[in-house]
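Reading through the structure tokens given below for one structure.
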There are 2 protein chains.
Amino acid sequence: MSDLLGRLRGRGWRMTAQRRVVAEVLDGEHVHLTADEVLARATARLPEISRATVYNTLGELVSLGEVAEMSTDGRAKRYDPNAHRPHHHLVCSRCGAIRDVHPEGDPLTALPAAERYGFAVDAVEVTYRGVCPDCARA
Amino acid sequence: MSDLLGRLRGRGWRMTAQRRVVAEVLDGEHVHLTADEVLARATARLPEISRATVYNTLGELVSLGEVAEMSTDGRAKRYDPNAHRPHHHLVCSRCGAIRDVHPEGDPLTALPAAERYGFAVDAVEVTYRGVCPDCARA
DNA sequence: ATCTCTGCAAATGGTTTGCATGAGA
DNA sequence: TCTCATGCAAACCATTTGCAGAGAT
């Protein structure tokens, strides 16, 4: 729990039952749910929530900068509530498990000026891929 | 030109007019086309090529390891023919322009063992984001 | 009271698939 | 010849949108 709801309230975000449930479902560490998974968990707590509302709310949280969209693997986008603290991702190539990681050093400095093509670089996304302990054991 | 076709022929890849055109369209440096763009350029050279064939062929090139799929931004996947030489991407946040870049040092070493959660890490994808010179000027 | 969020359902965009035909090795 | 790639169209999946009504501030 990293108090996503508290932060949202502090920003004067309009609160409704649906929006609260989406934020609750999303809050935590190492959480990377798809929109569909968010809908499923939200429906469990509040049956009268609709798919469109989940998408609307996710989109809003993303544009508020409170949730980050990961377009990592094939199909559906995943939503990561840890947008306020920069981190990277470690993904299992077999089962798709995802962990948040914090590399040492500033990844931006790894790109030499000669390789910047005149871009003003201000962010970097890093995804490490490998096999998780559970899959390695099996 | 990095001779994608030559490599494919060398691997005994079944050659047809359609497959050759897709490979030709894709070959080069800093090429990151969507399936739709590949179809458009392929159609210009060979009108009787179909969308399904483009998708089939792209999928096959990806599973052969000759082309890499980038799931970077929002909508459509992009296809990168430089899969044989590891590199990262530099993307313009405004216009979406993409360049291939080659950071110094091994990016894999940037992830401390204590942050690996027991994973056997074997690859890393890096996307730098910033504003390209053209957009900065405007 | 006002402003907007919500639900429904239909539309959209990207990608995949089934099947009969036709071309490669 | 025998296999497999192709084309067409329909299916699919994730996501977006229009609209009328309910709900929050």
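Proteins get letters first, then strands, A, B, ... in listed order; numbering begins at 1 in each. These figures come from a predicted structure and were not determined experimentally.
Each of A:T57 and B:D36 has a nearest nucleotide on DNA chain C; the 5'-most of these lies closest to A:T57. Nearest-nucleotide assignment on DNA chain C puts the 5′-proximal partner with B:A35, out of B:M15 and B:A35.
Contact annotation: A:Y55 does not reach the phosphate of D:dT16 (side-chain N/O to OP1 or OP2, under 4.0 Å).
Follow the hydrophobic side-chain contacts under 4.5 Å out from B:V21 and you reach B:V31 in the same cluster.
The shortest side-chain heavy-atom distance between B:S50 and B:Q18 does not fall under the 4.5 Å cut-off. Within the 4.5 Å cutoff, the side chain of B:Y117 has no heavy atoms near those of the A:C132 side chain.
When the nucleotides D:dT17, C:dT15, D:dA5 are ranked by their closest atom to the side chain of B:T16, D:dA5 comes out on top. Among the nucleotides D:dT15, D:dA5, D:dA9, the one closest to the side chain of B:R75 is D:dT15. Looking at the side chain of A:A76, the nearest of the listed nucleotides D:dA14, C:dT6, C:dA9 is D:dA14.
Across the protein-nucleic acid pair, B:K77 atom NZ and D:dA14 atom P stand 12 Å apart, rounded to whole Å. Atom-to-atom, CD1 of A:I49 to P of C:dC8 comes out at 11 Å; the value is rounded to the nearest Å. The interatomic distance linking A:W13 (CH2) with D:dT25 (P) rounds to 11 Å, in whole Å. The nearest whole Å value for the distance from the CZ atom in B:R51 to the P atom in D:dA9 is 13 Å. Rounded to an integer number of Å, the gap from B:L39 CG to D:dC8 P is 11 Å. Here D:dA14 presents its P atom at 15 Å from CG of A:L33, a figure rounded to the nearest Å. Rounded to an integer number of Å, the gap from OH of A:Y79 to P of D:dA14 is 12 Å. For B:R11 and C:dA25, the CZ to P distance is 17 Å, given to the nearest whole Å.
Around the CZ atom of B:R41, the shell of radius 6.0 Å holds no more than 12 heavy atoms that belong to other residues, nucleotides or ligands.
Side-chain atoms of B:R14 and base atoms of D:dA5 include no donor and acceptor less than 3.5 Å apart.
Counting Ile, Leu, Val, Met, Phe, Trp and Tyr side chains that sit under 4.5 Å apart, directly or through other members, B:I98 shares a hydrophobic cluster with B:M70, B:V91.
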